Amino acid sequence: MAGELALIALSAMLVNNFVLARFLGVCPFLGVSRKMDSAIGMSFAVLFVMTVASVVTWLVQRLVLVPFNLEYLRTITFILVIASLVQLVEMVVQKTSPVLYQALGIFLPLITTNCAILGVALLVVQKDYGFLQTLTFAVAASAGFGLAMVLLAGLRESLALAAIPRAFQGNAIVLVTAGILSLAFMGFSGLVRG
Amino acid sequence: MVDVLVALLPATLVGLYQFGWYGLVVILLCVGGCLGVEAVGQKMMGQKVTVSDGSAAVTGLLLALSLPPRAEWWLCAIGALAGIGLGKLVFGGLGYNPFNPAILARVVLLISFPAQMTSFVTPSPWGLDAVTTATPLNLLQEARIRGLGLGEAAHTDLLAAFLGGIPGSLGETSALAVLLGGLYLLWRGHINWDVPVGMLGTMALVSGLFWWHDPAHYMPPAFHLVTGGAMLVAFFMATDMVTSPLTRKGRVIFAVGCGLLTIVIRMWGGYAEAISFAVLLMNAAVPIIDRYTAPRLYGARKRGGL
Amino acid sequence: MQHERPTGPVPASALTLSDALSGEAVAGRPALDVAPRPAFNLREIGDDFVRGVWRENGVFKQMLGLCPALAVTTTAVNGMAMGLATLAVMVASSSSVSIIRNWIPGSVRIPSFIVIIATFVTVVDLFLNAFAHDVHKTLGLFIPLIVVNCIVLGRADAFAARRSLPRAIADALGVGVGFTLALIALGAVRELLGMGSVFGISLFGDAYPPFLLFLLPPGAFIALGLMLAGGTYLAALSARGN
Amino acid sequence: MVAALMAVCIAGAVVLAWSDRITSGPIAEQKRREVVRSLTAVLPPHNNAPDQDMSTVVLDDGTEQTLYLARMEGQWVGTAVPVTAPDGYSGNIDLMVGVDRNGRLTGVVVLSHAETPGLGDKMITDEEWLPAFRGRTLENARWAVKKDGGDFDQFTGATITPRAVVNAVRHALEVCEKVCR
């Protein structure tokens, strides 16, 4: 069991990295990685929402959708759960911890449309994971998202000092850098099969 | 840059002796390709053409030495495009590139053309009696995937691997020749000792622990040090000033990371030539390492290096 | 409960979800000249369409909707299928949003739009599964993920929620066609470099060695980056030429 | 406010319930047709409906194995065995293997896989590779790729995929050998 969970974690974080190999969450990955601080803030916000969202959607799937034969409502219920969770988290954080709200607040609205969150919920259903597997998968996936995000932010901050050719300035060089990062992560392929 | 070319001379000569004309063609294509891509690219972007600084030639030679000895012409051409174009020009040229161009070129080729990048021939005087074969690292990976333990890799002649004579890339058949060049660079003060020592030391230590624990399933540390690109990458590519951390502390972290990832990917990963992936991954982490180990000076930018 | 809808001109550059998401693209984005005028104006509708196809192309200009754009574009055909599925969802949801725009209070605007979009996404998902099974298998996970495509929600919220039905449809069609064309272009480039063919037609013959990089994830990022740079370069060249 | 959101949700649910009603039949039919298509491709000529004529056996290792039986005029002529190769380069490869009553292979098709495009997926795009299995039996072939001393071609640069497929097909033949005869 522990071994299986470790493999799930390794796979979700490195081998099939959510952003770099599965293309889930590319918009925030490119959009919020210009500064290291925002990259770290976004990563923690994703870690939090992704973990809670995957557990809640797992419960919804097991306790509501499957027993009542409502699986065609999966996409709509999952996205609603995620959207309300984000709202709830935002309200709770705002009331209880102004410091945390300052740090995470601006990222929370962006998370609803982060396809990594819905992606993790749907993949859990597709893979038919149990509770512990779901939890591990979500935490590892968001850790992998954070790792990719922080690496790209570091590279982008150092690129700010580089004399990038005119044609590549802006999004082009960010995409190429992300591509090379994804290339480097290919080195992990084969560590876990499947 | 001239010193680097001098340092690569022993490995180049061994390669030419063992693979003959084929090796010479690969070297000429790679060096010419890299110079050409740099000249044309800089012209197109309206920049000053800096081919004469020699760095593109070094990248070309390093690329050639890390290719299979009978690589097709287009493999060399794509390698040159990927290394100089994608690895250097798009970032604004030498000094700004976050990834080592030769490493990047090799990784692009490894994932794009796995068949061509793993078709090796045996070394023989002037390349006359060459027959198709596999490298020890490929044999090891093959055996592991089939669940056969160490397979034929267990019979690798480690002394031959050190002196020269085992199948491998053009400039990687003799660890000794590469090591001589590396020591020359150290003596001339072009590279820091901490990266190669840290990297090879970590590789030896980690592989040694596994080997000591279970010699039936893991190769001894000496095997990992003399096979594949270990020496070439540790002395000539990981040491690249531009793409390694600024401080000694940072470089040690970098080197240990490279060594650790190399062993992990070699032992359990899908690519036998793990070391290039390891360095590329650690190149990506350099800004973060610098951030936490070096005082940040805006405007002061490292330049030069290999 | 009826909420005050903004009357009169609404600059498209007002901060909306899509703006917040697109970060870099916003600064240089021209404010739309939108003056109050009759509901049906062909020129305006034409402009709504054209703007989305090129000038504000989601993928190339605003870097939105990149997850499906990168994930499914190993071939031109796959890119087209994904683009058309998204186009269908966009037109349906933007028109619905435009129709009910006056009945939805501001506080539940986003959740309502999400429900509408999710509904149409599921409809597309079910119908593809039933009548185009192979397409459904190829696109897989990325069909339900159209729900979180920032372009779809962005256009519903920033445009359809404030415009008449014809203009909302024109905009959705324009943006959807722009998205589809971008995916076809990216798919064609990756297929050409990766396999030497476009739309399954081999151009370089059998001797062309498959360039796997462009079929694998890193190649998706790199191909799009090179295409953007190529576009900028050509634009600069032609500007100098004039 | 809540009423408006509720109204939207209810409208959405109604649309979806309706879509589900009219698509659930065709979706099931598509899935069935997919199975039938693969069965027709791998089985010898038959005039029954093998997808209805299933049986399940328990193998020595305790796993359950579904078998589809093909009959001609009621006479058993062959068996289709769905097998999974667990050791593909990127995950499982699902296959359907057809075997006639003499233990001779009549066809193999790939149902689903996630192998590298342009490399491992050659086993599907290559028009000669899978048909080469036809006519093989457990006895008349060495069940390994050529690189391992067997009779089956591998692809340059990709030996993992064909090796996995060869092993899975052999497993299907062994199942037949045990339970069909």
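In what follows, chains are A, B, ... by sequence order, proteins preceding strands, each numbered from 1. These figures come from a predicted structure and were not determined experimentally.
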Quick check on A/Ile76 against chain C: is it the side chain, the backbone, both or neither that has a heavy atom closer than 4.5 Å?
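Answer is both: backbone and side chain atoms of A/Ile76 are under 4.5 Å from chain C.
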Pick one of side chain, backbone, both or neither for A/Ala178, based on which atoms fall under 4.5 Å of a heavy atom in chain C.
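Answer is both: backbone and side chain atoms of A/Ala178 are under 4.5 Å from chain C.
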Using a 4.5 angstrom heavy-atom cutoff, name the option from A/Leu181, A/Ile180, A/Ile117, A/Leu122 with the most pairs to chain C.
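Top option by heavy-atom pairs under 4.5 Å: A/Leu122.
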Output the option from A/Thr77, A/Leu73, A/Val19, A/Leu24 having the highest count of non-hydrogen pairs under 4.5 Å with chain C.
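The candidate making the most pairs under 4.5 Å is A/Leu24.
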Angle between ring planes, A/Phe137 versus A/Phe18, binned at 30° and 60°: parallel, tilted or perpendicular?
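Geometry flag for A/Phe18 against A/Phe137: perpendicular rings.
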Under 3.5 Å: donor-acceptor pair, side chain of [X], backbone of [Y]:
X        : Y        : value
C/Gln62  : C/Glu56  : yes
A/Thr136 : A/Leu132 : yes
A/Arg22  : A/Ala12  : no
C/Ser98  : C/Arg163 : yes

Residues 49-72 of chain A: residues contacting chain C (heavy atom under 4.5 Å, by number):
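Within residues 49-72 of chain A, the residues under 4.5 Å from chain C are A/Tyr72.
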Contacting moiety of [X], where chain A heavy atoms sit under 4.5 Å:
X        : result
C/Leu126 : side chain
C/Thr119 : both
C/Val115 : both

Under 6.0 Å from the CD atom of A/Gln169, do we count more than 12 heavy atoms belonging to anything else shown?
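More than 12 heavy atoms, drawn from other residues, nucleotides or ligands, come within 6.0 Å of this atom.
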Who wins among C/Ala235, C/Ala220, C/Gly225, C/Ala236 for the most heavy-atom pairs under 4.5 Å with chain A?
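Heavy-atom pair counts peak at C/Gly225.
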Pairs under 3.5 angstrom only: tabulate donor-acceptor contacts from the side chains of residues 183-195 of chain C to other protein residues two or more places apart or in another chain.
unit_1: C/Arg190; atom_1: NE; unit_2: C/Phe214; atom_2: O; d: 2.7
unit_1: C/Arg190; atom_1: NH1; unit_2: C/Leu70; atom_2: O; d: 2.8
unit_1: C/Arg190; atom_1: NH1; unit_2: C/Thr73; atom_2: OG1; d: 2.9
unit_1: C/Arg190; atom_1: NH2; unit_2: C/Phe214; atom_2: O; d: 3.3
unit_1: C/Arg190; atom_1: NH2; unit_2: C/Leu215; atom_2: O; d: 3.3
unit_1: C/Glu191; atom_1: OE1; unit_2: C/Ala76; atom_2: N; d: 2.9
unit_1: C/Glu191; atom_1: OE1; unit_2: C/Phe199; atom_2: N; d: 3.3
unit_1: C/Glu191; atom_1: OE2; unit_2: C/Ser197; atom_2: OG; d: 3.0
unit_1: C/Glu191; atom_1: OE2; unit_2: C/Phe199; atom_2: N; d: 3.2
unit_1: C/Glu191; atom_1: OE2; unit_2: C/Gly200; atom_2: N; d: 2.8

Can you tell me which residue pairs pass the ring pair (Phe, Tyr, Trp, His ring centres under 6.0 Å) test with a partner in residues 141-171 of chain A, sequence neighbours excluded?
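Every candidate ring pair (Phe, Tyr, Trp, His ring centres under 6.0 Å) pair involving residues 141-171 of chain A fails, so no pair, neighbours aside, qualifies.
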State whether a side-chain donor-acceptor pair under 3.5 Å links C/Ser94 with C/Arg155.
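Side-chain D/A pair, C/Ser94 to C/Arg155: absent.
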Considering residues at least two apart in sequence or located in another chain, which fulfil the side chain to side chain contact (heavy atoms under 4.5 Å, CB included) criterion with C/Pro218?
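Expected list: A/Ser182, A/Leu183, A/Met186, B/Ile111, C/Leu213, C/Leu216.
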